[in-house]
Amino acid sequence: MTVRDDFRQEVERRVREALRSLGCDAAFEVEAPSTGVADLAVPCFTLAKELRKAPQAIAEELRGLVPCEGPICAVESVNGYLNFFIDQDVLVRETLKEICEQGGDYGRLPFKGVKVNVEHTSINPTGPIHVGRARNPIIGDTLARCLERCGYEVETEYYVNDVGKQVVLLTWGMGNVPAGDALETEKADHRLVHHYRAANKMMEEDEAVRDEIAAMLQRFEEGDEEVISTVREAVEVMLGGLRQTLDRINVSLDRYTWESQFIADGSAKEVVERLKRSPYCGEEGGAHYLELKDFGIHGKNTRFTFTRRDGTTLYTTRDLAYHLDKFRRADRAVDVLGEDQKLGSQQLIAALEILGCGTKPEPMFYSFVSLPEGKMSTRRGTVVHLDDLVEEAVSRAYEEVRKRREDLSEERMREIAEVVGVGAVRYNIARVQPEKKMVFRWEDAMNFDGNSAPFLQYSHARACSILRKAGDFAPAVDESLLTDEYERRLVAALSLFPEVMRECGENKRIHMLPSYGHELASAFNQFYAAVPVLSSGELRDARLTLVDCCRVVLRSTIETLGLVALEEM
RNA sequence: GGGCGCGUGGCCUAGCCAGGAUAUGGCGGCAGCCUCCUAAGCUGCAAGUCAGGGGUUCGAAUCCCCUCGCGCUCGCCA
């Protein structure tokens, strides 16, 4: 329970009591005014009917009935609103005390004992990750970090597609097409995509190749172990390249689950058998489908086909087996998916219901990234690879560091540039709501000013710098020594952290975190510019304590975003 | 055509789920600030039909309906 929670409860209790004394039991809202005219407010308009009085009069009357006690230091009546102000001394004292005691655990919720599986990335292993798909690992990884801070036991997972025509084609290409202009030194994913593209082209142009691939696919479907393991090996190599990219942006998955597993262990077939017994099942020419028009699926085709004519399973059938498997391992399953998966996900959920699965996956969709000139297209070669974006961001960050820090060693400058460049890229993706479409622009993607990762990292480095110069000091929480308006505003920002964290994790709204980080860093930078710390005499220890608390919360914010909190930059 | 999502100053974006007071920030623009803890910073100014229309309500960026624009989707592909 934070000071702010306590304050809100107190406001609710006092208003309820005041209303009761007027013989009114009506419900009321407690809201945080957007304009900052108060810390909390109760609009009295809804009470007007019940009390048969003007809202203004009600607010006036309630004001006289609510005592200023505990965390409530003032109550005002303005335009039909009952405005409440939190006692600044209490806020400063309790917030800083909590941060000093809990350190990096400030804002962390107690362990819930609930397992959440977060499936993210799951990119088809046929080529390097491009910036459109990059939303997936960044959203997924950030969400996982938020959930973890909210007390969940989190496992992240990549569902590897090693089944089907695309990966067969890749495998065929690796065995039958020369690498062409691919360099041995290239990352595996960039090297292998040459084979994939060449194989694609050959298949389109050459009927013999088409037949060869069809035969290979046929053998795969029949469970030919040699083909299956060759494909798996090819995908492993590709995946190695993808993992390097993910590592670089500080994303690591706890688990990789292979799609072929659900064919091999018979669980996909079992799903087929169970679905065939469902009353929603139909058949056409040997292919089986579910009729899902009773499950909220609209459109001209409400059929969801789960076997081919020859009885083999389809992607979504395997995905069903996969989700049943996930629910054996976790209490909740979050799927981070591109918006093109919306219908598929809906069908999946309906089919799981038909299978009697009591828990539903929680899909989280993100919209696609386009280029100013239109859609990204592998075919037209207009994709921007995440590797290139990161490389470019890091090299720009390096120029920035070199410009201002001639004193640092080359190695240190490289380290800082890496962390700043990667951070900028992650931040600029994490800061926008997943469902909003993004247009990729280099200058936005690598933004280092204002609402950006470097802004947060810089504030953190500044705090560290002050603390470094201060040396040893006696930490002291003394609200009577922190009365400057910049100090108070900074503490107010710090006190918001727990509820922001809750919002990010519990409601899966991770884009609130960058926005909060900017608010906190901004409050710190304003404080930094206006309030001296090291030369502040008897206020020094109190201010150093505040700076240290700020350092702690900035760091938690930065790290929950999957970025690195630098001590200098 | 049906379904789903999005539309907020020149550009990007918060607020929408749980309607409430003068709509949040950033970029860019203009004008200032380093004899003081890192100027990747700070201060100020200009800039808005919250896509358009209707409805519900004491009150709508927020809820409902219609229209327009954009994206995704409607495979025995994955």
Side-chain angles (χ1 to χ4, degrees), chain A residues 29 31 33-38 41 43-46 48-49 54-55 78-81 83 124 126 161 163-167 259 284-289 296-303 305-312 314-316 318-319 338-344 346 365 367-368 370 375 397 400-401 403-405 420 424 428 431-433 435-439 441 443-444 447-459 461-470 507 509 511-512 514-515 518-519 521-522 524-526 528-536 543 547 568-569:
Chain A
E29 293 294 320
E31 61 181 35
S34 56
T35 47
V37 291
C44 300
F45 308 96
T46 44
K49 236 173 225 161
V78 183
N79 299 330
Y81 288 89
N83 287 341
N124 273 353
T126 51
N161 162 238
V163 177
K165 193 169 180 178
Q166 291 186 59
V167 285
E259 187 181 340
E284 192 174 298
H288 292 83
Y289 62 87
I297 311 257
H298 308 282
K300 63 182 170 193
N301 190 0
T302 54
R303 286 181 182 185
T305 305
F306 63 93
T307 75
R308 294 196 184 89
R309 195 179 338 194
D310 64 5
T312 53
L314 294 160
Y315 171 80
T316 326
R318 288 164 327 243
D319 207 10
E339 61 175 338
D340 56 337
Q341 304 293 313
K342 275 185 187 178
L343 178 62
Q346 228 183 341
F365 300 105
S367 294
F368 285 127
S370 60
K375 281 171 73 168
E400 297 293 322
V401 189
K403 224 160 47 189
R404 50 202 109 198
R405 295 300 300 270
V420 168
N428 282 299
R431 58 178 258 272
V432 348
Q433 277 183 53
E435 57 270 26
K436 292 224 185 192
K437 38 190 172 245
M438 293 181 87
V439 176
R441 288 190 185 84
E443 61 272 29
D444 294 342
N447 178 33
F448 292 174
D449 305 313
N451 192 4
S452 71
F455 184 89
L456 271 65
Q457 290 167 318
Y458 185 64
S459 309
R462 277 179 145 183
C464 290
S465 174
I466 291 178
L467 293 163
R468 195 165 48 239
K469 293 209 163 125
N507 295 335
R509 286 154 55 85
H511 65 285
M512 300 311 293
S515 153
H518 180 256
E519 191 182 325
S522 181
F524 179 76
N525 280 329
Q526 286 165 32
Y528 183 96
V531 183
V533 176
L534 295 177
S535 60
S536 59
R543 287 183 175 169
V547 170
E568 60 176 353
M569 63 186 277

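So you know, we letter chains A, B, ... as the sequences are listed, proteins then strands, and number each from 1.
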[N] pairs with which nucleotide, Watson-Crick or G-U wobble, both distances below 3.5 Å?
| N | value |
| --- | --- |
| rC45(B) | rG29(B) |
| rC37(B) | none |
| rU56(B) | none |
| rG5(B) | rC70(B) |
| rA14(B) | none |
| rU62(B) | none |

Using a 4.0 Å heavy-atom cut-off across all strands, classify [X] as base, sugar-phosphate, or nothing.
| X | result |
| --- | --- |
| Asn83(A) | base |
| Lys375(A) | sugar-phosphate |
| Ser465(A) | base |
| Thr46(A) | base |
| Arg462(A) | sugar-phosphate |
| Val439(A) | nothing |
| Met569(A) | base |
| His288(A) | nothing |
| Ala41(A) | base |
| Val401(A) | base |
| Glu519(A) | nothing |
| Arg468(A) | nothing |

Selection from [options] that lies nearest to any side-chain heavy atom of [X]:
| X | options | result |
| --- | --- | --- |
| Tyr81(A) | rU13(B), rG20(B), rA78(B) | rG20(B) |
| Ala287(A) | rA78(B), rG15(B), rC76(B) | rC76(B) |
| His518(A) | rU13(B), rG20(B), rG25(B) | rG25(B) |
| Gln341(A) | rC37(B), rA78(B), rG20(B) | rA78(B) |
| Arg308(A) | rA78(B), rC72(B), rG41(B) | rA78(B) |
| Asp449(A) | rC37(B), rG41(B), rU22(B) | rG41(B) |
| Tyr528(A) | rC76(B), rC37(B), rC58(B) | rC37(B) |
| Leu314(A) | rA21(B), rC76(B), rC12(B) | rC76(B) |

> Is there a donor and acceptor pair closer than 3.5 Å between the side chain of Lys437(A) and the base of rC70(B)?
Replying inline: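 Under the 3.5 Å cut-off, the side chain and the base do form a donor-acceptor pair.
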> Side chain of Asp340(A), base of rA78(B): donor and acceptor closer than 3.5 Å?
Replying inline: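 Answer is no: no donor-acceptor pair is held.
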Could you tell me whether a side-chain N or O of [X] sits under 3.5 Å from a main-chain N or O of [Y], the two making a donor and an acceptor?
| X | Y | result |
| --- | --- | --- |
| Gln346(A) | Gly296(A) | yes |
| Ser367(A) | Glu435(A) | yes |
| Asp310(A) | Thr312(A) | yes |
| Arg405(A) | Met569(A) | yes |

For [N] versus [M], give the span between their [atom1] atoms, rounded off to a whole number of Å.
| N | M | atom1 | answer |
| --- | --- | --- | --- |
| rU13(B) | rC6(B) | C1' | 14 Å |
| rA61(B) | rU22(B) | P | 11 Å |
| rA60(B) | rC65(B) | C1' | 15 Å |
| rG10(B) | rC72(B) | P | 26 Å |
| rG9(B) | rC30(B) | C1' | 16 Å |
| rG19(B) | rA46(B) | P | 34 Å |
| rG69(B) | rG20(B) | P | 31 Å |
| rG26(B) | rC66(B) | P | 38 Å |

Any side-chain N or O of [X] below 4.0 angstrom from OP1/OP2 of [N]?
| X | N | value |
| --- | --- | --- |
| Arg441(A) | rG28(B) | no |
| Lys436(A) | rG5(B) | no |
| Arg509(A) | rG15(B) | yes |

Distance, rounded to the nearest Å, where [X] contributes [atom1] and [N] contributes [atom2]:
| X | N | atom1 | atom2 | answer |
| --- | --- | --- | --- | --- |
| Glu31(A) | rA18(B) | CD | P | 15 Å |
| Ile466(A) | rC36(B) | CD1 | P | 15 Å |
| Asn451(A) | rG15(B) | CG | P | 13 Å |
| Asn79(A) | rG59(B) | CG | P | 16 Å |
| Gln433(A) | rC6(B) | CD | C1' | 10 Å |
| Glu29(A) | rG59(B) | CD | C1' | 14 Å |
| Gln526(A) | rG44(B) | CD | P | 8 Å |
| Glu400(A) | rA39(B) | CD | C1' | 12 Å |

>> Go through it in stages, so that I can follow the logic: the residues are Val432(A) and Met438(A), the test is side-chain contact (heavy atoms from CB on, under 4.5 Å), and I'd like the CA-CA distance, side-chain angles, deciding distance and then a yes or no.
In response: CA-CA 8 Å; Val432(A) 348; Met438(A) 293 181 87; 3.9 Å; yes
> For Glu568(A) and Arg468(A), what are the C-alpha separation, side-chain angles and deciding distance, and is it a salt bridge (Lys or Arg N to Asp or Glu O under 4.0 Å)?
Replying inline: CA-CA 10 Å; Glu568(A) 60 176 353; Arg468(A) 195 165 48 239; 5.1 Å; no
> Within a reach of under 6.0 Å around CZ of Arg309(A), are more than 12 heavy atoms found that belong to other residues, nucleotides or ligands?
Replying inline: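 Atom CZ in Arg309(A) is not crowded, with 12 or fewer foreign heavy atoms closer than 6.0 Å.
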>> With the 90 degree cut-off around zero defining syn, does rC11(B) come out syn or anti?
In response: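 It is anti.
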> Under the side-chain contact (heavy atoms from CB on, under 4.5 Å) criterion, do Glu259(A) and Tyr315(A) qualify, and how do the steps go?
Replying inline: CA-CA 9 Å; Glu259(A) 187 181 340; Tyr315(A) 171 80; 3.6 Å; yes
>> Tell me whether the rings of Tyr81(A) and Phe45(A) are parallel (<30°), tilted (30 to 60°) or perpendicular (>60°).
In response: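 Correct class here is perpendicular.
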>> For rG59(B), is there a stacking contact with Phe45(A), counting only centres under 5.5 Å and planes under 30°?
In response: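 No, Phe45(A) does not stack on the base of rG59(B), since the centre distance and plane angle fail the 5.5 Å and 30° test.
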> Can Gln526(A) and Ser522(A) be counted as having a side-chain donor-acceptor contact under 3.5 angstrom?
Replying inline: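 Indeed, the side chains of Gln526(A) and Ser522(A) share at least one donor-acceptor pair under 3.5 Å.
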